[in-house]
Amino acid sequence: MSKASVRHKFAQAFMALVPLSPTKRVTVTDLSKHLGIDRKTFYNYFDNIDQLMIWIYRDYLATMLNDERFARWNKVCPPSASFDPFPDLPFYARNIEDRSLSQAEYFKTMAYHWENHRQYYSIVFSSTCYIDLFDYIVALFLPPFREDVEFFLDGRDMPTVVIDFLAEYHVMGVFGRLRYHYTQTNKFIMQNEIDPFWNYAHIVMRESVDSCYETIERHGLSRFLGMNDSVSRYRGLGRTD
């Protein structure tokens, strides 16, 4: 049996046991008894339960991105093993269209995973028994969202603090909403009315970036030298001075 197959057995067992014990941490001993194997076997595949939780989420994303729908998308892996225990697994992908990012298919497909395992995610996102999976996801997605902001900048200058703010705001908007939905509501997230909004974060991200600039026409010596192109100048969001 392959290493991936054994990992999947642990993952399936863990996701089945969590809803049966919503206020008590599922332990390595619990998993081993459920699967009828030696407790030490677990540590051939994971360091601890928290790492198993991370792998469950990351394995789904990597499998999802291996689908034909994402074949032409630009895949993203964590920057280094020092940050993440699974640096070789892609977790994000960009669909670049006409200097824009069309991310709807990615976020909608990812949300189906949470929807299909609603009981499990509603518990792990709200329980204090486990690693704060939400904090992990925020830390994982902040760097690529920051790169998305820089993509929309297209070489324009913007203060680092503003780039960081926009990345943080949209990561919290996407994943904060998903966490709220699965821990606080009983609604099905895939309603037809919501379908046009799966790319909302990146539409607003681009509009926010563009709105921070004003077009300045060249004058004087620049125009005399034939530099007739206009330039963009950063002015901040909503500023007119």
Side-chain angles (χ1 to χ4, degrees), residues 54 57-58 61 65 73-87 89-111 113-114 121 124-126 131-185 189 194-216 230-241:
I54 291 172
Y57 181 59
R58 292 290 307 288
L61 292 179
L65 292 174
W73 292 40
N74 298 333
K75 310 299 192 303
V76 178
C77 292
S80 69
S82 62
F83 166 75
D84 194 274
F86 307 106
L89 292 180
F91 67 95
Y92 187 55
R94 295 183 179 92
N95 185 30
I96 302 174
E97 295 182 349
D98 299 325
R99 291 302 303 164
S100 191
L101 295 174
S102 182
Q103 302 299 105
E105 186 70 22
Y106 173 86
F107 289 119
K108 184 175 182 179
T109 308
M110 182 188 67
H113 172 63
W114 291 20
Y121 279 106
V124 299
F125 277 129
S126 57
I131 181 179
D132 192 323
L133 188 60
F134 181 74
D135 280 356
Y136 165 79
I137 290 173
V138 170
L140 180 68
F141 279 89
L142 270 176
F145 269 53
R146 193 180 193 283
E147 291 171 359
D148 290 350
V149 175
E150 292 172 340
F151 172 87
F152 288 131
L153 283 170
D154 195 23
R156 293 174 292 186
D157 291 329
M158 175 178 275
T160 299
V161 66
V162 178
I163 297 175
D164 290 341
F165 165 76
L166 290 174
E168 292 163 8
Y169 186 89
H170 290 290
V171 167
M172 295 300 291
V174 171
F175 294 99
R177 177 184 180 261
L178 287 173
R179 181 180 66 167
Y180 175 82
H181 186 87
Y182 291 113
T183 59
Q184 303 296 326
T185 80
I189 200 170
I194 295 176
D195 218 51
F197 290 89
W198 286 104
N199 197 45
Y200 182 70
H202 282 76
I203 291 173
V204 175
M205 183 187 290
R206 179 175 186 170
E207 290 178 352
S208 297
V209 168
D210 288 343
S211 67
C212 288
Y213 295 86
E214 60 183 349
T215 301
I216 304 297
S230 59
V231 295
S232 291
R233 180 175 71 182
Y234 178 79
R235 63 182 176 85
L237 188 64
R239 292 181 59 180
T240 56
D241 56 325

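We use all heavy atoms of the structure for the numbers below, so side chains are in, but hydrogens, waters and symmetry mates are not.
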Flag side-chain contact, heavy atom, 4.5 Å: [X] against [Y]:
X: Leu89; Y: Leu61; answer: no
X: Phe152; Y: Asp210; answer: no
X: Tyr213; Y: Leu153; answer: yes
X: Asp84; Y: Tyr136; answer: yes
X: Cys212; Y: Arg156; answer: no
X: His170; Y: Asp148; answer: no

Task: Geometric cation-pi criterion, Arg94 with Phe151: 6.0 Å, 45° - done: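 Judged by the rule, Arg94 and Phe151 form no cation-pi pair.
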
TODO: Identify whether NZ of Lys or CZ of Arg in Arg179 sits under 6.0 Å from the centre of the six-membered ring of Phe134 and within 45° of that ring's axis.
DONE: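 Pair Arg179/Phe134 counts as cation-pi.
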
Open item on the list: Taking Ser208's backbone N and O only, do any of them form a donor-acceptor pair with Ser211's side chain (distance below 3.5 Å, no angle check)?
Closed with: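 At least one qualifying donor-acceptor pair exists.
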
- [ ] Return yes if some donor-acceptor pair links the side-chain N/O of Asn199 with the main-chain N/O of Leu101 below 3.5 Å, else return no.
- [x]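 Yes; at least one donor-acceptor contact below 3.5 Å.
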
Starting at [atom1] of [X], measure out to [atom2] of [Y] and round the result to the nearest 0.5 Å.
X: Asp157; Y: Arg233; atom1: CG; atom2: CZ; answer: 13.0 Å
X: Tyr200; Y: Arg177; atom1: OH; atom2: CZ; answer: 11.5 Å
X: Ile54; Y: Leu140; atom1: CD1; atom2: CG; answer: 9.0 Å
X: His202; Y: Gln103; atom1: NE2; atom2: CD; answer: 5.0 Å
X: Met110; Y: Tyr92; atom1: CE; atom2: OH; answer: 10.0 Å
X: Ile163; Y: Glu147; atom1: CD1; atom2: CD; answer: 11.5 Å

- [ ] Determine, using ring centers only, whether Tyr121 and Trp114 are less than 6.0 Å apart.
- [x]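 Close enough - the centres of the two rings lie under 6.0 Å apart.
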
TODO: Flag the pair Arg206 and Asp154 as a salt bridge only when some basic side-chain nitrogen lies within less than 4.0 angstrom of an acidic carboxylate oxygen.
DONE: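 Asp154 and Arg206: not salt-bridged.
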
TODO: Step by step, work out the ring-ring contact (aromatic ring centres under 6.0 Å, His included) result for Tyr182 and Phe125.
DONE: CA-CA 8 Å; Tyr182 291 113; Phe125 277 129; 7.9 Å; no

Task: Neighbour count above 12 (heavy atom, 6.0 Å) for Tyr169 OH - done: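 Check fails, neighbour count at 12 or below.
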
Between [X] and [Y], which heavy-atom pair has the shortest distance, and what is it?
X: Trp198; Y: Ala111; answer: CH2-CB, 3.6 Å
X: Thr183; Y: Ser126; answer: CG2-CB, 4.2 Å
X: Pro87; Y: Cys77; answer: O-CB, 3.4 Å

Task: Geometric class of the Phe175/Phe141 ring pair [parallel <30°, tilted 30-60°, perpendicular >60°] - done: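 Phe141 and Phe175: tilted rings.
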
- [ ] Go through the steps for Val138 and Glu168 under the test side chain to side chain contact (heavy atoms under 4.5 Å, CB included), then give the verdict.
- [x] CA-CA 8 Å; Val138 170; Glu168 292 163 8; over 6 Å; no

- [ ] Please lay out, stage by stage, how Ile189 and Leu178 fare under the test side chain to side chain contact (heavy atoms under 4.5 Å, CB included).
- [x] CA-CA 9 Å; Ile189 200 170; Leu178 287 173; 3.5 Å; yes

- [ ] Please test Tyr106 against Leu65 for side chain to side chain contact (heavy atoms under 4.5 Å, CB included), starting from the C-alpha separation and ending with a verdict.
- [x] CA-CA 8 Å; Tyr106 173 86; Leu65 292 174; 3.9 Å; yes

